[in-house]
Amino acid sequence: SVNIYAKAKSLWNRLQNALSHYCPALTATLGGMASNDKIEKLKKLYPEIDPLFLCLLKIHDGQTSFAPPLFGTYIFAKI
């Protein structure tokens with residue numbers, strides 16, 4: 001719906017502004033929008049998928065390459 005897309009676009013805009021400031025290398029790797037075909041396939045595979053998530057994919061569908069970690073490198077130990 002239009003309201004969900006507007007919410008998704010607002011969230012992405014805020015996130016992208018922060019990333020542009022703090023991690024421009026990551027922002028440069030953001031991919032374009034997901035195709036309608038890809039969105040429809042996801043809906044069929046996961047009928048309960050969150051509409052907001054689908055709207056986010058219509059704005060950026062992942063990354064085009066690797067970028068430096070946003071928060072540095074972390075090593076997680078087995079607990």
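Looking at His60, its side chain never comes within 3.5 Å of a backbone N or O of Gly32 through a donor-acceptor pair.
Closest approach of Cys55 and Ile4 over heavy atoms only: SG-CG2, 3.6 Å.
Between Tyr5 and Leu52, the closest side-chain pair of non-hydrogen atoms is not below 4.5 Å. Using a 4.5 Å heavy-atom cutoff, the side chains of Asn13 and Ile59 are not in contact.
Checked against side chain to side chain donor-acceptor pair (under 3.5 Å), Lys41 has the following partners two or more places apart in sequence or in another chain: Asp37.
Heavy atoms of other residues, nucleotides or ligands lying less than 6.0 angstrom from CG of Asp50 number more than 12.
Atom-to-atom distance recorded for Leu26:CG and Leu19:CG is 5.5 Å, nearest 0.5 angstrom. The CD atom of Gln16 sits 12.5 Å away from the CG atom of Leu11 when rounded to the nearest 0.5 Å.
Annotation: salt bridge (charged side-chain N to carboxylate O under 4.0 Å, His left out) contacts involving residues 54-64, sequence neighbours excluded, comprise Lys38-Asp61. Residue pairs meeting the salt bridge (charged side-chain N to carboxylate O under 4.0 Å, His left out) criterion with at least one member in residues 3-23, sequence neighbours excluded, do not occur.
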Begin with the C-alpha distance, continue with both residues' side-chain angles, and end with the deciding distance and a verdict on side chain to side chain contact (heavy atoms under 4.5 Å, CB included) for Trp12 and Asn17. CA-CA 8 Å; Trp12 258 122; Asn17 286 338; over 6 Å; no
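The other members of the hydrophobic cluster of Leu42, by chain and number, are Ile39, Leu45, Tyr46, Ile49, Phe53, Leu54, Leu57 (side-chain heavy atoms under 4.5 Å, ILVMFWY only).
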